[in-house]
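The block underneath contains the structure these notes are about, expressed in structure tokens.
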Amino acid sequence: MSASQSWRATVGGGTLALAAMVGIVHGSQVPVALDPGTRAVVRVAFSARPERIEICRTLPDSERLALPAHMRQETACEGRTAHYHLEVRRDGQVISADLLRGGGLRSDRQLYVFHEVAIPRGPSEIEVLLVRVDSVPPRGSAAPDAADEARAAEDPMRLRRQAGEVPPRLELRARVTLAPREVVLVTYDAESRRLLAVQAPPSP
Amino acid sequence: MNAADRRPAERAAFRFLASFDAGANRLYGWRANPLYQSGTIVVACFLLMLLTGLWLVLFYRVGAPYDSVARITGDRWVGNWMRGVHRYASDAAVLATLVHAFRMFAQGRSWGPRALAWVSGVVLLGLILACGWTGYVMVWDTFGQSLAREGARMLDALPILSEPTSRAFTGERPLPPAFFFLNLFAHIGIPLAMGIGFWLHLSRVARPALLPPKPLLYGLVGGLVLISLALPIGMLPEASPFHAPAMVRLDLFYAFWLPFTRWLRPGPALLLMIGSALALLSVPLVTRRRAAAPPPSTVDEDLCVGCEQCAADCPFEAITMVTRPPGGRSELVARVDPARCVSCGICAGSCAPMGVGPPGRTGRDQLSAARAFLDDPARRSGEHVVICCDRGAERWGDAIAAEGAAVLPVDCAGNLHTSIIELCVRGGAAGVLVVACPPRDCWNREGPRWLLARVYHDREAELQARVDRRRVRVTYANASEATEVLAAYRGFVDDTRPLGAGGADPGEVGAECEPVAAEEQS
Ligand code: HEM
Ligand code: SF4
Ligand code: SF4
């Protein structure tokens with residue numbers, strides 16, 4: 001390689017290496033604009049235990065005796081978790097709606113809600129409605145009679161479980177005034193079994 | 001491996017790679033060509049990440065992640081550039097890994113016994129990305145939060161977890177220190193797992209090159225420090241559940257997938273990611289040569305004298321020496337493990353008595369092919385012979401033949417038995433120019449290195465002393481360096497001109513390399 005060629009290679013190689021380094025630095029922090037720009041956000045995010053819909057019936061003796069001794073109970077219950085309809089409105093207009101079912105492969109785990117909707121900044125009235133949509137008996141089960149239902153409803157285990165489940169209907173209405181990109185978070189408080197709207201604590 | 005055996009995608013990738021390699025050779029020379037050193041650059045980046053990471057972890061607080069990183073970043077003279085080097089070295093590691101993987105693909109080094117290196121490489125790539133993910137989450141700025149949220153949303157698309165992980169990132173309460181402790185644990189634990197992966201990755205290569213040559217290593221470290229000082233790293237706003245960021249600055253090397261989860265729903269984005277990983281993992285199946293797979297090397301035990309040279313030279317540790325049954329011609333005999341042999345043919349050039357090599361490519365096979373080449377009526381005494389690999393011959397063979405050279409293509413110049421060079425010189429060639437790939441570019445890892453040692457440094461199976469070294473030259477060029485090859489050829493012709501035409505004396509060549517007839521063996 002001649003002297004001028006080697007000089008050119010040194011300058012070219014150095015410049016390319018520098019460009020690669022600068023490229024790495026820029027590639028490492030590419031600005032990406034995210035929605036919602038200058039709008040505000042309603043974020044409905046919570047998890048809650050869905051109600052379990054159970055159909056219980058008294059077992060006739062013939063069926064009960066066919067069971068192993070340790071499984072001979074008077075009532076047999078079958079069931080699945082309820083589905084819910086979620087609706088978010090702003091100033092009376094529906095801005096988001098969804099059919100919710102429990103998590104997991106058999107939908108028997110917690111309900112998980114995550115909805116983000118951009119809304120205009122400024123004052124808004126936000127309404128969130130969560131309603132159980134089904135109480136359909138599981139397929140193949142016999143229709144329960146009123147006495148069975150009443151007995152099952154008094155079962156202490158069932159009562160305890162129900163206390164942890166999301167009620168069949170929840171409603172929240174909140175007036176908020178939001179700055180651009182400010183988030184109002186709608187969440188579920190399992191203790192009070194209510195929906196709550198939470199905003200950023202005022203900065204000190 | 002013959003160039004014609006390769007899939008069209010590999011051939012296209014190879015052309016692309018070779019032209020970039022040629023450009024980089026012009027700028028940096030083959031010794032410091034960073035494209036040749038992509039694997040070792042990744043290792044160097046890891047060492048840098050380890051050093052700077054050890055320093056950073058001293059000041060990181062799981063109880064106040066954002067504030068502690070902000071404090072580190074605010075320290076203009078140490079903390080800031082330490083963080084910069086840690087971050088940019090991780091980015092460079094991903095970039096170099098991609099170049100390395102592309103290189104292996106383009107060179108057809110992805111199947112057969114190399115499948116283990118390929119698959120472990122893909123796992124290593126996944127682990128690097130996962131490690132970067134945890135690293136950015138550690139900072140807990142708006143970017144870290146986006147990564148956590150979108151990553152968790154994708155994970156939740158798999159209906160396997162009872163409580164969706166996203167739940168952790170969408171509440172109004174701050175994340176507990178336990179989360180950041182676990183995240184830090186993963187950030188440190190993943191590199192440890194990578195150590196095991198790396199051991200597997202290299203388990204089938206002998207003498208792996210681990211670090212780039214010094215000029216490149218110093219250039220890389222210096223460059224990363226310099227750029228971290230010159231362009232100090234900043235802080236994005238702290239993650240908050242109550243403020244949606246207008247924009248984030250995302251690291252393209254680690255978060256290239258982030259826009260997909262936003263544009264697509266998390267489920268399809270996850271499918272896309274799993275699909276890409278499966279596609280990468282299946283490359284060894286797609287690229288393997290079905291019918292045309294070159295067979296592994298075999299040993300002719302009647303010829304092997306137990307010198308151990310092939311075992312020492314094999315770049316894939318595929319040859320071991322085993323004890324021969326008593327009464328054999330040597331105590332030890334070479335044995336090839338077909339499961340490790342990639343059929344590179346390097347051993348064919350290592351064995352003076354020509355007792356080992358892939359079928360059809362042993363020293364003896366090369367010798368008969370060279371005899372046929374020299375016996376061709378088109379040959380003229382006093383010609384210059386250029387021995388090069390098929391890939392080179394395909395690209396610039398005609399151009400060099402047009403200059404008057406007799407071109408003898410071989411599978412790989414690193415397989416070349418030195419008796420072929422001797423045969424050509426003593427057969428009347430004015431000179432023999434062997435064009436090998438630059439050493440770090442060798443598809444068979446160590447071909448040019450051993451070739452050079454045999455020709456110039458008396459490594460076993462050496463070019464015999466009686467061969468006039470002035471008529472022999474080894475030069476390096478890749479398939480895209482036609483200009484360089486022509487210049488090297490012309491220079492060689494000029495240098496050998498004063499020596500006159502070579503003397504024809506082919507009869508005795510290879511005598512000591514010829515097989516000892518069975519009846520002569522005691
Ligand atoms: C953490 C990332 C990685 C590191 C540090 C790394 C490093 C290395 C090193 C040092 C070698 C030995 C090179 C030599 O001395 O010849 C090697 C070989 C190899 N690498 Fe990687 N590598 C990484 C990722 C990958 C990936 C992602 C792939 C492909 C998907 C890959 C495929 C291969 C193959 C096939 C070989 C064997 C080459 C041969 O047998 O000829 N590597 N790697
Ligand atoms: S180089 Fe040849 S002679 Fe030496 S051990 Fe290997 S096969 Fe045997
Ligand atoms: S061809 Fe020879 S040198 Fe190459 S891997 Fe097989 S045994 Fe080793």
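Just so you know, these numbers use all the heavy atoms, side chains as well, and skip hydrogens, waters and symmetry mates. Just so we're on the same page: letters track the sequence lines, and every chain starts at 1.
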Counting only non-hydrogen atoms closer than 4.5 Å, does [X] touch chain B with its backbone (N, CA, C, O), its side chain (CB onward), both, or neither?
X: Val22(A); answer: both
X: Glu182(A); answer: both
X: Leu178(A); answer: neither
X: Ser28(A); answer: both

Residue part contacting chain A, namely of [X], when any heavy atom lies under 4.5 Å:
X: Tyr88(B); answer: both
X: Phe256(B); answer: neither
X: Leu250(B); answer: both

Does the side chain of [X] reach to within under 4.5 Å of the side chain of [Y], using non-hydrogen atoms?
X: Thr142(B); Y: His243(B); value: no
X: Val176(A); Y: Val42(A); value: no
X: Arg87(B); Y: Val139(B); value: no
X: Ile41(B); Y: Pro34(B); value: yes

Salt bridge or not between Arg132(A) and Glu165(A)? Use side-chain N to carboxylate O under 4.0 Å. no
Counting heavy-atom pairs under 4.5 Å with chain A, which one of [options] comes out on top?
options: Leu236(B), Leu258(B), Leu224(B); result: Leu224(B)
options: Asp91(B), Leu252(B), Val248(B); result: Val248(B)
options: Ala92(B), Gly29(B), Ser146(B), Pro241(B); result: Pro241(B)

So, does Tyr254(B) use its side chain to make a donor-acceptor pair with the main chain of Cys131(B) at under 3.5 Å? no
For chain A, which residues of residues 225-233 of chain B have heavy atoms nearer than 4.5 angstrom: Ile227(B), Leu231(B)
Pick out which of Trp30(B), Tyr476(B), Tyr36(B) makes a side-chain hydrogen bond (donor to acceptor under 3.5 Å, both in side chains) with Asn25(B). Tyr36(B)
Side chain to side chain contact (heavy atoms under 4.5 Å, CB included) between Tyr188(A) and Arg194(A), intermediate numbers included: CA-CA 6 Å; Tyr188(A) 171 70; Arg194(A) 280 189 315 131; 5.9 Å; no
Nearest 0.5 angstrom please: Glu484(B) CD to Thr475(B) OG1, how far? 9.5 Å
Distance col, row Phe143(B):CZ vs Met235(B):CE, nearest 0.5 angstrom, shows 13.0 Å
Which one of Val25(A), Leu185(A), Val198(A) has the most heavy-atom pairs closer than 4.5 Å to chain B? Val25(A)
Glu125(A): partners by salt bridge (Lys or Arg N to Asp or Glu O under 4.0 Å), with sequence neighbours left out: none
